[in-house]
Amino acid sequence: MRQDIESILYDAECIHDRVLQVGTRITRDYQDKDLLLVGVLKGSFVFLADLARSIDLPVEVDFMVVSSYGSGTESSGVLTIAKDLSVPVEGRHVLIVEDIVDSGLTLSLLAEDLRSRGAASVQVAVLLEKDVPRSHQVECAYSAFHCPDAFLVGYGLDYAERYRNLPYIGILKPEVYEDRAQCPDARQSGR
Ligand code: 5GP
């Protein structure tokens with residue numbers, strides 16, 4: 001797989017150190033609070049596994065599968081929930097764990113949805129925040145890395161369901177997706 005990667009942005013050791021720092025902050029901020037970690041599948045599964053183990057609190061973990069699309073205007077969109085939480089969030093402190101925030105549409109809609117269910121608080125922990133002008137405002141209370149505007153894979157992030165198991169985060173060579181775009185069954189990133 002390494003031959004498909006243009007460059008490694010964050011190696012395993014660097015990711016480990018940053019995730020530990022984020023986990024330490026979360027531990028400090030959520031003392032005496034009933035914390036529910038909500039992982040957004042599939043991209044967050046590696047980050048969530050490491051982050052949860054770096055939080056020294058009795059957290060609960062649940063998962064959602066969501067997708068979003070714009071509704072024609074810049075400020076709104078529609079959230080589709082393919083897999084919902086298995087527990088109610090009313091009165092609970094929710095921390096959404098996401099792989100990467102790009103436009104911010106998915107996260108802003110998801111946070112709004114969980115707030116409307118009566119969560120005591122809803123915050124976001126994100127592995128990567130792309131340095132791009134954000135069309136949808138989303139407050140990331142915890143952010144491991146600010147990254148350049150490139151297509152990244154590894155540590156949970158995929159291209160066409162591949163590369164999630166890379167232990168590092170790297171920039172995918174453009175020719176990989178340009179080649180696949182010629183194939184009739186080419187698929188996009190699977191969240
Ligand atoms: P947003 O709603 O913020 O525009 O989109 C966020 C989602 O887009 C992420 O959860 C992820 O599934 C996908 N995405 C955005 N940028 C990248 C990227 O560089 N690499 C991969 N693999 N997925 C991305």
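One-based numbering along the sequence shown. Model, not experiment: these values are computed from the prediction. Start at 1 and go down the list; that is how both ligands and their atoms are numbered.
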Asker: Work out whether the distance between some heavy atom of Y159 and some atom of ligand 1 is less than 4.0 Å.
Answerer: no

Asker: Atom CG of residue position D56 - does it have more than 12 heavy atoms of other residues, nucleotides or ligands inside 6.0 Å?
Answerer: no

Asker: Determine, using ring centers only, whether Y168 and Y155 are less than 6.0 Å apart.
Answerer: no

Asker: Ignoring angles and geometry beyond distance, decide whether K130 reaches within less than 3.5 Å of ligand 1 through its nitrogen or oxygen atoms.
Answerer: yes

Asker: Heavy atoms only: which of S103, A150, S67 is nearest to atom 4 (O) of ligand 1?
Answerer: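 Considering heavy atoms of S103, A150, S67, the nearest to atom 4 (O) of ligand 1 sits in S103.
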
Asker: Which class fits the ring pair F151 and Y177: parallel under 30°, tilted 30 to 60°, perpendicular over 60°?
Answerer: perpendicular

Asker: For atom CD of E139, decide whether the heavy atoms of other residues, nucleotides or ligands shown that lie under 6.0 angstrom number more than 12.
Answerer: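 Check fails, neighbour count at 12 or below.
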
Asker: Taking the side chain from R18 and the backbone from Q21, do they hold a donor-acceptor pair closer than 3.5 Å?
Answerer: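 Checking the backbone N and O of Q21 against the side chain of R18, no donor-acceptor pair under 3.5 Å is found.
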
Asker: Show the atoms of ligand 1 that are less than 4.0 angstrom away from any heavy atom in L157.
Answerer: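 The atoms of ligand 1 under 4.0 Å from a heavy atom of L157 are 20 (N), 21 (C), 22 (N).
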
Asker: State whether a side-chain donor-acceptor pair under 3.5 Å links S86 with D62.
Answerer: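 There is such a pair (donor and acceptor under 3.5 Å, judged by atom type) between the side chains of S86 and D62.
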
Asker: Would you check whether G104 has a nitrogen or oxygen atom less than 3.5 angstrom from a nitrogen or oxygen atom of ligand 1?
Answerer: yes

Asker: Identify which of V153, V138, I169, I100 has a heavy atom lying nearest to atom 24 (C) of ligand 1.
Answerer: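 Among V153, V138, I169, I100, the closest heavy atom to atom 24 (C) of ligand 1 belongs to I100.
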
Asker: As an exercise, state the distance from CG of D84 to CZ of F63, rounded to the nearest 0.5 Å.
Answerer: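 One finds 14.0 Å between CG of D84 and CZ of F63.
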
Asker: Pick whichever of V132, D99, D102 has a heavy atom sitting closest to atom 15 (C) of ligand 1.
Answerer: D102

Asker: Nearest non-hydrogen contact with atom 18 (C) of ligand 1 belongs to which option: D149, D158, L152?
Answerer: L152

Asker: What atoms of ligand 1 come within less than 4.0 Å of a heavy atom belonging to E98?
Answerer: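 Answer for ligand 1: 10 (O).
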
